[in-house]
Novice: 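Mind having a look at this structure? Questions to follow.
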Amino acid sequence: MAVVADPVGSGGRLCGLGEDGGTVGGTAVVADLARAVREVEAAAGPRWVWGGTEEVYQGLLDRGGVRVGRCHDVKLVESLLLGQEGRHGRPRSLGAAWARLHGLPEPPDAPEAGGDDQPVLFAADRHHLPPDADPLAALVEVHAAQQRRIGAGDRPDRMRLLCAAESAGALAAVEMGRDGLPWSARAHDELLTGLLGPRPAGGARPARLGELAQRIQDALGRPVNPDSPAQLLPAFARVGVPLASTRSHELRKVEHPAAGLLLRYKELSRIHAAHGWAWREAWVRDGRFRPEYVVGGVVSGRWATRGGGALQIPRPLRAAVVADPGHLLVVADAGQLEPRVLAAMSGDQGLAGAAAGGDLYAAVAQDAFGGDRPRAKIALLAAMYGQTSGEAGQLLAVMRRRFPVALALVEAAARTGEAGGIVRSQLGRTSPAPSADRFVDEAADPADGASPDRRAARSWGRFTRNFVIQASAADWALAMLAALRRELAAIGSAPRLVFFQHDEVVVHTPADLAPAVESAVAAAADEARRLVFGATPVPFPLETHAVERYADAK
DNA sequence: ATTCATGGCGCC
DNA sequence: AAAGGGCGCCATGAAT
């Protein structure tokens, strides 16, 4: 069912779509679009086709519309298809897709900065379609073309699944952004006060930070701003501590008393700056933290957020995430997701065997590293990230010997990237092409391993090496989220997804429904494994904890 | 006064 | 010889 909202007012138009994307029946013009969608959703539960979930679904919910089960987000699908076709970076709005179909100039996605407000808003409502185009006709046309393009790819079944999962994610993102993460101002206050001292008036520096700054100055024997690396480096040098940088990793190796104080200062000042009282006033309303999720905000398919640092909430602060009375948070975390993805994708028998038990790192350690789990973890991370420095290089050699098929997968991806090629995730999300200037000199003297060109090529190789893993993990996570969203809706309207962070979800639910939610989580994890990786023997467990505070889940 | 690059650190 | 992937956000300090 294709749907467009009128640019102003509450009306819109709908029309049915057949299997081939052609229209079925006539166009319905309605004055209350939210109501029409509610009725059709209840009667038929169709896949809603629209130009952009962020705009249309948001508007429907604003006007009292129902939550819908499925959609096809033309903008997100366009982005996936542009990648499939090696045309990354082209504008992806409905209007741009329509213009491409007609050989017309493509409107850019981002409106010109500094332009008049009125045309920009109008353009957004119409998804950048020209004034004389019929939005519903354009939508139907672009959707049909997208269906054909999906079918024209190497693995239409997987791309179809990816498009469905991406679109379902967009529904979940809008819903989560509206529901928000339960955030207790009181618990947050207690935490901050315990760490930083009482809240200072007028945004001044908290007492504890002032004290630490003073003690750092005393230890270094001169006035210095602890927030300024440029001042700290010479100050440390003057007391006989030459530092390459003021990073924590560097400071931890240092004996001088100022180093420990500075480490503590950095830790606390970050909490204060990034998630302190000012943050709460900006981002928490009515007991909910409402970040704005950006689906497809990362090329790998991970989400980003706009504002509030939602995906970087420091672990200690998760004690402020408290379920409502009579409710629980079901926290579900996919442990060791990326190495499991590598095992499943590559089909490496040894690694799959290691993944079969509960602790993949421990099993790899048993197989290849004399039971040394930390080294096994470093070795796996090195394989997936391309680290070669330090002991990682030697561990990698062991990995290559013991898990040749898995290593061949990531190393092939790295070689493709170094040569300027593109790689794909399990479901067919495509890595961007390197910028043109990055590979100007392909034939650069290969003997000159340290040339800027070679360095850039190797860096891009690390990116594509990681892309196949990270993006496939995102494939799984998205499929899981889509399945979970559907399972939760079947339980009822009370359990709500309230947080999603790469490989972890949080559901806020009445306490008596927590067991049902945990079952839904397990079912979703297994469905995602089956859909994304088929018959793999590699399990993808989603560990759940039903807790009152997010911090209690670990 | 505002913008931009950099260093740094939080999360995965 | 090679020096770990992806993000968002903050403060600083220089440039505009």
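Only a predicted model underlies this, so the values are computations on that prediction, with no experimental measurement involved. Chain identifiers are assigned alphabetically (A, B, ...) following the order of the sequence lines, protein sequences preceding nucleic acid strands; residue numbering begins at 1 within each chain.
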Novice: Pick one: which of A:Arg424, A:Arg87, A:Gln84 meets side-chain hydrogen bond (donor to acceptor under 3.5 Å, both in side chains) with A:Thr430?
Specialist: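 It is A:Arg424; the other options fail the test.
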Novice: So, does A:Ser228 get its side chain near the phosphate of C:dA11, meaning an N or O under 4.0 Å from OP1 or OP2?
Specialist: no
Novice: Which distance, rounded to the nearest 0.5 Å, do you find between the NE2 of A:His272 and the CG of A:Leu209?
Specialist: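 Going from the NE2 atom of A:His272 to the CG atom of A:Leu209 covers 6.5 Å.
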Novice: So which nucleotide from B:dC9, C:dA1, B:dC11 ends up closest to the side chain of A:Arg247?
Specialist: B:dC9
Novice: Are A:Phe540 and A:Trp476 close enough that their ring centres sit under 6.0 Å apart?
Specialist: yes
Novice: Could you state the NE2-P distance from A:His275 to B:dC11, rounded to the nearest angstrom?
Specialist: 10 Å
Novice: Report which part of the nucleic acid A:Gln470 touches: base, sugar-phosphate, or nothing (heavy-atom distance under 4.0 Å, all strands).
Specialist: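 Base contact - A:Gln470 has a heavy atom under 4.0 Å of at least one base atom.
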Novice: Hey, does the side chain of A:Arg462 come within less than 4.0 Å of C:dG4's phosphate (OP1/OP2), counting only N and O?
Specialist: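 A:Arg462 to C:dG4 OP1/OP2: no side-chain N or O under 4.0 Å.
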Novice: Within the structure, does a side-chain N or O atom of A:Asn225 lie under 4.0 Å from either OP1 or OP2 of C:dT12?
Specialist: yes
Novice: Could you state the NZ-P distance from A:Lys266 to C:dA11, rounded to the nearest angstrom?
Specialist: 14 Å
Novice: Counting only non-hydrogen atoms, which of residues 304-312 of chain A are less than 4.0 Å from DNA chain B?
Specialist: A:Leu311, A:Gln312
Novice: Just checking A:Gln231: base, sugar-phosphate only, or nothing, at a heavy-atom cut-off of under 4.0 Å?
Specialist: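 Sugar-phosphate: the residue A:Gln231, judged by heavy atoms under 4.0 Å, touches backbone atoms but no base.
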Novice: Is the base of B:dC12 touched by the side chain of A:Arg302 through a donor-acceptor pair closer than 3.5 angstrom?
Specialist: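 Such a pair exists between side chain and base.
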Novice: Out of C:dG8, C:dG4, C:dG6, which nucleotide sits closest to the side chain of A:Arg270?
Specialist: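 Among the listed nucleotides, the one closest to the side chain of A:Arg270 is C:dG8.
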Novice: Send over the distance from A:Glu250 CD to B:dG7 C1', rounded to a whole Å.
Specialist: 13 Å
Novice: Looking at every strand, decide which applies to A:Ile313 at a 4.0 Å heavy-atom threshold: base, sugar-phosphate, or nothing.
Specialist: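 Sugar-phosphate contact only - A:Ile313 comes under 4.0 Å of backbone atoms but never of a base.
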Novice: Is A:Ser269 close enough to C:dC10 that one of its side-chain N or O atoms is under 4.0 Å from OP1 or OP2 there?
Specialist: no
Novice: Any non-hydrogen side-chain atom of A:Arg401 less than 4.5 Å from a side-chain atom of A:Leu407?
Specialist: no
Novice: The side chain of A:Asp227 lies closest to which of these nucleotides: B:dC11, C:dA11, C:dG6?
Specialist: C:dA11
Novice: Backbone N or O of A:Tyr385 within a donor-acceptor pair of the A:Arg462 side chain at under 3.5 Å?
Specialist: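 No; judged by distance alone, with no hydrogens or angles, the pair does not exist.
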Novice: Would you mind reading off the distance between A:Leu262 atom CG and B:dG7 atom P, rounded to a whole angstrom?
Specialist: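 Between P of B:dG7 and CG of A:Leu262: 17 Å.
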Novice: In whole angstrom, give the distance that lies between atom CG of A:Leu395 and atom P of C:dG4.
Specialist: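 It is 13 Å, rounded to the nearest whole Å.
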Novice: Given C:dG6, C:dG4, C:dA11, identify the nucleotide with an atom nearest to the side chain of A:Tyr385.
Specialist: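 In terms of side-chain proximity for A:Tyr385, the closest of C:dG6, C:dG4, C:dA11 is C:dG4.
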Novice: Nearest-nucleotide wise, let me know which of A:Pro229 and A:Ala382 is further upstream toward the 5' end of DNA chain C.
Specialist: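 Nearest nucleotide further toward 5': that of A:Ala382.
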Novice: Return the value, rounded to whole Å, for the distance between atom CZ of A:Arg455 and atom C1' of C:dG4.
Specialist: 14 Å
Novice: Using atom CH2 of A:Trp303 as one end and atom C1' of C:dC7 as the other, report the distance to the nearest whole Å.
Specialist: 15 Å
Novice: Give the nucleotide from the list C:dG4, C:dC10, B:dC12 with an atom nearest to the side chain of A:Ala273.
Specialist: C:dC10
Novice: Please determine which of A:Met176, A:Arg288, A:His508 meets the side-chain contact (heavy atoms from CB on, under 4.5 Å) test together with A:Val498.
Specialist: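 Single pass found, and it is A:His508.
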Novice: Nearest whole angstrom, please: distance from the P of C:dG5 to the CZ of A:Phe463.
Specialist: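 So the CZ-P distance, A:Phe463 to C:dG5, works out to 11 Å.
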Novice: Between A:Thr388 and C:dA3, does any side-chain N or O lie under 4.0 Å from OP1 or OP2?
Specialist: no
Novice: Between A:Trp279 and A:His188, does the ring centre distance come in under 6.0 Å?
Specialist: yes
Novice: Can you list the steps and then say if A:Phe499 with A:Ile313 is a side-chain contact (heavy atoms from CB on, under 4.5 Å)?
Specialist: CA-CA 11 Å; A:Phe499 196 56; A:Ile313 301 170; 4.2 Å; yes
